[in-house]
Amino acid sequence: MRIAFYAPLKPPHHANPSGDRYLARLLIRAMEEAGHEVELAASLRSRDSGGDVLRQKRLDRIGRKLAERYVRRLENRPDSERPDLWFTYHLYYKAVDWIGPHVCRALEIPYVVAEASVAHKRVGGPWDYSHWALLDALNLVEGVVTLNPHDAGCIPDHVPSWHLPPFIPSGLFSGAADQVMENRKTITGRYNLRSDRPIMACVAMMRPGDKLESYRALSAALRGMPDLQWQLLVIGDGQARSDVEEAFRWAGQDKVVFTGRLEQAELAQTLSACDLYVWPAIREAFGMAFLEAQAAGLPVVAGNAGGVSSVVADNATGILTTEGDVAGFASAVRLLLTTPAKRRGYAEAARQRIASHHDLTVGAQRLDAILTAARRNYVAPGLPLFDFAHSPTRNRPDE
C-alpha cells in the first residue's frame, strides 16, 4: 500500500541525530522492506516546549492549511498515487499532529499513530489547547502502535493498540561480532586500550537531564571498584559533554576513553570489540543502543527503567538492576567483570534473542500485519465533505 508518513516532533531527514530521528527512519525502512511505498507527507515541526497557546493555535491553522494543500495536490493524481493510510510517529501534547486527522477525514483513509501518550494533568494548563487536539486525533485512529509496552497505559482505554517490539538492522552488528579478534585488535590500538583487560562500553547522547544523570550514576558505580582492572569506552557526544567528562575525570584517560559519536559501521566494530555494555538507564524509554550492543555480542547491565526489560532479558542476556540503585548496579557490573563464563553465556543468548525477536526483518513483518489489519478493518465515518477552515471535531476557544 502507499503510506503517508509524518513525524511532528522531528522529521526523519532532520540534520541533528536523535533517537526519534533514528526510530522514524527505521519505521520507514521496515514499511519499505514489507513492500509498501512510503511518502514523507509533511515536515512541519509542531513541538511547543514552552506551553504557548498562541503558538499552538498558529500551528493548528498552519496544519489545516497544509492538509488542504496536500489534499488538493492529490486531486489530479490517479488512485495508485494517493495514500491508502496515514502514519504519524510520536504524538503527545508537546508535538501534536495538526495535519493527519484533517487529511484522513478528507480522503477517508485510516489513521495510525505510533508512540502516542496522553497526560491528563495538562487539562486547564498552558498545553490545554494541544491536549484536546491530541485527544481529537486519538479518537480518529484505527489504533496506536506501542514500541515500549509501558506506553499502553498512556493512551485512553477506548483506543485500540498494537505492541511492536523495537527492532534494528542487526546484520551489521552480528557480522561485526563474527570478527571479534580482528576488531578487538583494531579498537585497542585505536584507543590505546589493554586487550588483556575487560573493556566496557556505553552509547548515549550527552545532554542535560536524564542522560547526564545516567552518566553520573555510571561514574559513581565504577568509582566503587578500584580493585578491578576495567576499561570504559564512552560513545556519544552532545551539549553536556564537558559535564560528562568532568564526571569521569577521577578515572583518568587509561580507564575511560571518549570516542565521540560514531557512525553505524564504526559503532558495530567498536561494540563487538568490547566485553560488556553498561548503562544505568535512568528514566529511559527502552534504549535502542541496548539492541545494538546485544546484536554485537555484548551482555548488558542496565537499570530496569521504562521498557528496558522488553529489550534486555534479565538473567538471560544481561542483568537488570533497580533504577537509580548505584550500589546494585555496581554489584552487577562486578559480577560480570569477574565471571567471564557468565558473560559469554549471556553474550550468545543476546545475539540469538536479537536475531529472533528484534531484527528489522521481524519488525517489518509485524508492522506489515498491523498496517494491513488497519486498512482492512477501516470503515469510513461517512462525514460530509471536510471543512478545513472549521474543524467539526473540537470546540476551539475563540481565536
Side-chain angles (χ1 to χ4, degrees), residues 1-34 36-50 52 55-56 58-74 81-104 106-107 109-117 127 130 133-134 137-138 140-141 144-148 151 164 166-169 205 207 237-239 261 263-264 285-286 288 360 363-364 367 370-371:
M1 73 181 77
R2 186 175 175 86
I3 298 169
F5 186 96
Y6 175 48
L9 181 60
K10 179 180 285 187
H13 59 264
H14 194 274
N16 295 333
S18 67
D20 286 290
R21 190 189 74 168
Y22 183 37
L23 268 171
R25 290 179 173 184
L26 282 177
L27 287 166
I28 291 173
R29 186 169 171 182
M31 293 174 188
E32 291 175 340
E33 181 158 320
H36 303 295
E37 183 180 354
V38 183
E39 171 191 42
L40 186 60
S43 298
L44 175 68
R45 294 194 70 186
S46 70
R47 179 173 169 80
D48 171 33
S49 59
D52 183 348
R55 173 174 169 77
Q56 294 161 32
R58 179 173 175 269
L59 286 167
D60 189 356
R61 292 192 295 270
I62 292 172
R64 279 179 275 167
K65 290 178 181 178
L66 290 175
E68 183 175 18
R69 189 180 306 166
Y70 180 78
V71 170
R72 284 179 176 172
R73 284 205 313 266
L74 297 174
E81 295 182 10
R82 298 185 180 192
D84 301 297
L85 178 144
W86 181 285
F87 189 99
T88 294
Y89 166 65
H90 206 163
L91 187 61
Y92 73 125
Y93 69 94
K94 286 186 180 180
V96 174
D97 181 1
W98 302 103
I99 305 172
H102 300 318
V103 172
C104 290
L107 299 181
I109 59 174
Y111 181 55
V112 176
V113 303
E115 292 209 287
S117 62
W127 285 280
S130 60
L134 169 62
L138 292 180
L140 185 68
V141 297
V144 174
V145 178
T146 62
L147 287 92
N148 181 348
D151 286 348
L164 174 67
F167 51 86
I168 59 169
M205 296 291 291
R207 57 175 178 251
D237 210 339
Q239 66 187 94
R261 180 175 172 269
E263 297 299 330
Q264 288 284 286
F286 48 82
M288 299 296 285
L360 173 66
L367 183 55
I370 290 170
L371 299 177

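When reading the values below, keep in mind they use all heavy atoms of this one structure, side chains included, and skip hydrogens, waters and symmetry mates. Only a predicted model underlies this, so the values are computations on that prediction, with no experimental measurement involved.
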inquiry  = Could you walk me through whether I168 and Y22 satisfy the side-chain contact (heavy atoms from CB on, under 4.5 Å) test, starting with their C-alpha distance in whole Å, then the side-chain angles of each, then the deciding distance to 0.1 Å, before giving a yes or no?
reply    = CA-CA 10 Å; I168 59 169; Y22 183 37; 3.9 Å; yes
message = Out of the candidates L85, V38, T88, only one should pair with F5 under the side chain to side chain contact (heavy atoms under 4.5 Å, CB included) rule; please name it.
response = V38
Nearest-0.5 Å distance, CD of residue Q56 to NZ of residue K94 = 11.0 Å
Value rounded to 0.5 Å, distance of CG in L367 from CD1 in I28 = 11.0 Å
Close side-chain approach of L26 to M288, heavy-atom, < 4.5 Å = yes
inquiry  = Apply salt bridge (Lys or Arg N to Asp or Glu O under 4.0 Å) to residues E68 and R72 and explain how you reach the verdict.
reply    = CA-CA 6 Å; E68 183 175 18; R72 284 179 176 172; 2.7 Å; yes
Heavy-atom side-chain proximity of V71 to H102 below 4.5 angstrom = no
key: Any side-chain heavy-atom pair of S130 and W98 under 4.5 Å   = yes
query = Is the backbone of D48 close enough, under 3.5 Å, to the side chain of W127 for a donor and an acceptor to pair up by distance?
reply = yes
inquiry  = Measuring from atom CG of D84 to atom NE2 of H36, what distance do you get when rounded to the nearest 0.5 angstrom?
reply    = 9.5 Å
note = Between the CG atom in L9 and the OH atom in Y92, the distance rounded to the nearest 0.5 Å is 5.0 Å
query = What's the spacing between H14 NE2 and R21 CZ if we round to 0.5 Å?
reply = 9.0 Å
task = Measure from the side-chain N and O atoms of R2 to the backbone N and O of E37, and report whether any donor-acceptor pair falls under 3.5 Å.
result = no
request  = Start with the C-alpha gap between W86 and L107, add the side-chain angles, then the distance that decides, and say whether side-chain contact (heavy atoms from CB on, under 4.5 Å) holds.
outcome  = CA-CA 10 Å; W86 181 285; L107 299 181; over 6 Å; no
query = Are any non-hydrogen side-chain atoms of V145 and Y89 less than 4.5 angstrom apart?
reply = no
inquiry  = Tell me the closest heavy-atom pair linking L140 and C104, and the distance in Å.
reply    = CD2-CB, 4.1 Å
task = Can you see which heavy atom on D97 is nearest to which on P101, and at what distance?
result = O-CD, 3.5 Å
request  = Report yes if some heavy atom in the side chain of V113 is under 4.5 Å from a heavy atom in the side chain of L138; otherwise report no.
outcome  = yes
ask   = Does any non-hydrogen side-chain atom of V144 lie less than 4.5 Å from one of L91?
value = no
inquiry  = Please report the interatomic distance CD(E81) to CZ(R73), rounded to the nearest 0.5 Å.
reply    = 12.0 Å
query = Just wondering, do L44 and I99 contact through their side chains at under 4.5 Å, heavy atoms?
reply = yes
remark   = Correct closest heavy-atom pair for P8 and V96 would be CB-O, 3.7 Å
ask   = Which heavy atom in F87 sits nearest to a heavy atom in A114, and how many Å separate them?
value = CZ-CB, 3.6 Å
query = Would you find more than 12 non-hydrogen atoms of other residues, nucleotides or ligands less than 6.0 Å from R58 atom CZ?
reply = no
task = Give the minimum heavy-atom separation between S18 and K10, together with the two atoms involved.
result = OG-NZ, 3.2 Å
request  = Verify the neighbour count for atom CZ of R45: are there more than 12 heavy atoms of other residues, nucleotides or ligands below 6.0 Å?
outcome  = yes
message = Strictly below 4.0 Å, N to O, side chains only: are E33 and R29 in salt-bridge contact?
response = no
task = Give the minimum heavy-atom separation between S43 and P11, together with the two atoms involved.
result = O-CG, 4.1 Å
Residue R25 excluded, over 12 heavy atoms near CZ under 6.0 Å = yes
query = Taking C-beta and beyond as the side chain, do F167 and L27 meet within less than 4.5 Å on heavy atoms?
reply = yes
ask   = Under 3.5 Å, is there a donor-acceptor pair between the side chain of D237 and the main chain of R261?
value = no
inquiry  = Run the side-chain contact (heavy atoms from CB on, under 4.5 Å) test on E115 and L23 for me, step by step, so that the C-alpha distance in whole Å, both residues' side-chain angles and the decisive distance to 0.1 Å come before the verdict.
reply    = CA-CA 10 Å; E115 292 209 287; L23 268 171; 3.8 Å; yes
